[in-house]
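Structure first, then comments.
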Amino acid sequence: MFANDDPRLSQLLEGIVRLASGDLTSRIEVSPARDELDAIIMGTNLLAEDLQVIYEELEQRVQVRTQLLHEAHLEMQKMAMQDPLTGLANRSALLEALRSALEARAAVDGGGSEEGPAILLMDLDAFKSINDSLGHTAGDQVLVTVGERLRTAVRASDVVARLGGDEFAIVMPSASADQAAIVAHRILASLNEPIELPGRSVRCGASIGLSVGSGGQSPEDMLMEADVAMYASKAEGQNKLHRFEPALLLVRRLRSQLVDDLRAAIKDDALTLYYQPVVELGTGRIEGVEALVRWNHPTRGFIMPDEFIPLAEEAGLISELGLWVLRTAVKQLRAWIDAALVDSRFSVRINISATDLQSLQFIEDVRNTLKETGVRPEQVVLELTEVAIVKGNELDRYSLGGLRGLGVGIEIDDFGTGYSSISYLRRLPVDRVKVDRSLITGLESDPSQPALVAAVLQLVRACGLEAVWEGVETAEQAEILRGLGCRSAQGYYFSRPVPPDQIPELLADQQESANQ
């Protein structure tokens, strides 16, 4: 045993207190006596060493975990600011870069310099058709390639972002309008080169809007201005650059108001259908009519279809508009049948959009409309443009097959406008083609034109189809077509599009002519 006044006891107590306070480096000196008290001191020192090793290991683990968490946080921040497909900045990063550039400009000169942050907003012109016809994998490759070309076309200080879909933007922290325009034209030139995909190459131009920042603007203001300018660029044609002008805001407001008015007109049944006869050339019988939508705006008067139909497509209203036309036209046909004005051979032709074919619901809409009205399917002919059919994908072909299965007719509109192919005429489930008016232009004056018409007719019939010739404007054109063996035609010579209440008079005139 050891004496109560042994000084080692106080050393041992002080050492234990230091260990308890967290000082794991503290050690108690062992005396030469090597007695039981020294054994306790040695045990306490060993415990301190073990605790120190455990603490250092824990501290190292904490450091490693902290570093991993920090790296994960940085990666999450990067992911939150980066487009996963192209590796470009995303919308959040773009707005942050624009905000920083605006703040830097305000801090330097109060925002009075002609050079300020500029933004280029870019939308690809032909991307949807590439995506629809070649698939999303090819579409993704196009987006990646476009991103790479943008990086090489801009300056080192510029920020390139993908905002979503086929929309890109470039923030130029310090640039004049002229400098920004130079970069924009460099981008357009780079996109003019073909993009190589497996087995083929494609071209994908762009429309660009430019906005240069001024004092007091927010990033959202600049992005909105660039968006307005970009739509103005699209209206001018492909591969164009347009700088924002205040007057464009009025154009956008008018356009937005027109979209709202069109939406209301569809909902409130405020549109009108006109009908243009399709005539059997051999007998003069009106074999059917084409339904053509018209809009008598309450304040602007008649708005032509070539203005409001593209508007409906841009605003996502084309399917609603198409459904309204379908139901209204078939109901009108039902009314003529009930009034004994037409027989079972009479048909109504209805234009449908490529968007309709992308929706399986459209097949059900046609089925339900036929069921509700009791109209025979073969009396309804759906017209789809040649471009939409040729550039369509597998879903489009499935939809065409589904519509054909209902028993309705399928007609290719605008045949001969540049995409004609014998293979698709034989392959697709269509009944007839409507030959574009350009193929009968000069029929009376050009000696070679009748031979061309005859060749086209022979081609169409060789594919097991029949043709309707549109754009007939003179009796001489009608007579030449009749002499060549053409069966049906449509055009101003026979009748302009008329409201439904004038169709009975046209039918009566046709009957009277037949009786004579």
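Numbers for residues simply follow the sequence, beginning at 1. Just the heavy atoms: all of them, side chains too, but no hydrogens, waters or symmetry mates, feed the values below.
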What donor-acceptor contacts under 3.5 angstrom involve side-chain atoms of residues 194-212, with partners at least two apart or in another chain?
unit_1, atom_1, unit_2, atom_2, d
R203, NH1, N192, O, 2.3
S207, OG, D125, OD1, 2.7
S211, OG, E225, OE1, 2.9

message: Quick one, E307 with R300, criterion side chain to side chain contact (heavy atoms under 4.5 Å, CB included). Give me CA distance, side-chain angles, the key distance, then yes/no.
response: CA-CA 12 Å; E307 180 179 354; R300 294 183 53 179; 3.0 Å; yes

task: Give the intermediate values and the outcome of salt bridge (Lys or Arg N to Asp or Glu O under 4.0 Å) for residues K234 and E314.
output: CA-CA 11 Å; K234 275 186 171 294; E314 291 177 16; over 6 Å; no

Under the side chain to side chain donor-acceptor pair (under 3.5 Å) test, which residues partner [X], sequence neighbours left out?
X	value
S319	none
E466	R461
S233	none
E245	H242

Whether the side chain of [X] engages the backbone of [Y] through a donor-acceptor N/O pair (distance < 3.5 Å, no angle test) should be reported.
X	Y	answer
R432	E411	no
R149	S190	yes
D140	T137	no

Heavy-atom side-chain contact between [X] and [Y] under 4.5 Å:
X	Y	result
I309	V293	yes
L258	I303	yes
P497	R294	yes
L292	N351	yes
W469	L443	no
D356	D365	no
L400	R404	no

For the student: nearest non-hydrogen atoms of [X] and [Y], plus distance:
X	Y	value
A329	L273	N-CD1, 3.6 Å
D431	G409	OD2-CA, 3.1 Å
M172	A175	CB-CB, 4.0 Å
L191	M122	CD1-SD, 3.7 Å
W295	A270	CD1-O, 4.5 Å
W324	I266	CD1-O, 3.8 Å

What is the distance from atom [atom1] of [X] to atom [atom2] of [Y], rounded to the nearest 0.5 Å?
X	Y	atom1	atom2	answer
F362	L382	CZ	CG	5.5 Å
L403	I352	CG	CD1	6.0 Å
L88	R162	CG	CZ	8.5 Å
Q490	R349	CD	CZ	7.5 Å
L241	I187	CG	CD1	9.5 Å

Scan the side chains in residues 447-460 for donor-acceptor partners under 3.5 Å anywhere in the protein, sequence neighbours excluded, and list what turns up.
unit_1, atom_1, unit_2, atom_2, d
S448, OG, D446, OD1, 2.8
S448, OG, D446, OD2, 3.4
Q449, NE2, L439, O, 2.6

field: Under the salt bridge (Lys or Arg N to Asp or Glu O under 4.0 Å) test, residues paired with D221 that sit two or more places apart
entry: none

For R91, all residues meeting salt bridge (Lys or Arg N to Asp or Glu O under 4.0 Å), sequence neighbours excluded: none

task: Check the pair E364, N368 against side-chain hydrogen bond (donor to acceptor under 3.5 Å, both in side chains), reporting the backbone distance first and the verdict last.
output: CA-CA 6 Å; E364 293 305 310; N368 293 336; 5.1 Å; no

Suppose we screen for side chain to side chain contact (heavy atoms under 4.5 Å, CB included). Which residues come up paired with [X], at least two apart in sequence or across chains?
X	answer
L254	L250
R99	E96, E103, P219, E220
Q60	none

Worked check of side chain to side chain contact (heavy atoms under 4.5 Å, CB included) between M224 and L249: CA-CA 10 Å; M224 180 272 294; L249 285 176; 3.6 Å; yes

task: Could you walk me through whether Q332 and V348 pass the side chain to side chain contact (heavy atoms under 4.5 Å, CB included) test, one step at a time?
output: CA-CA 9 Å; Q332 180 61 67; V348 62; over 6 Å; no

task: Report yes or no: do D178 and S176 form a side-chain donor-acceptor pair below 3.5 Å?
output: no

- prompt: Checking side-chain contact (heavy atoms from CB on, under 4.5 Å) against S347, which of V381, V408, V289, L333 comes through?
  reply: V381

- request: Report the residues that fulfil ring pair (Phe, Tyr, Trp, His ring centres under 6.0 Å) with H185, sequence neighbours left out, ordered by chain and then residue number.
  value: none

- request: Decide side chain to side chain contact (heavy atoms under 4.5 Å, CB included) for R252 and D227; before the verdict, give the C-alpha distance in whole Å, the side-chain angles of both, and the deciding distance to 0.1 Å.
  value: CA-CA 10 Å; R252 165 164 281 201; D227 187 60; 2.5 Å; yes

task: Flag yes if more than 12 heavy atoms outside R496 fall under 6.0 Å of its CZ atom; otherwise flag no.
output: no

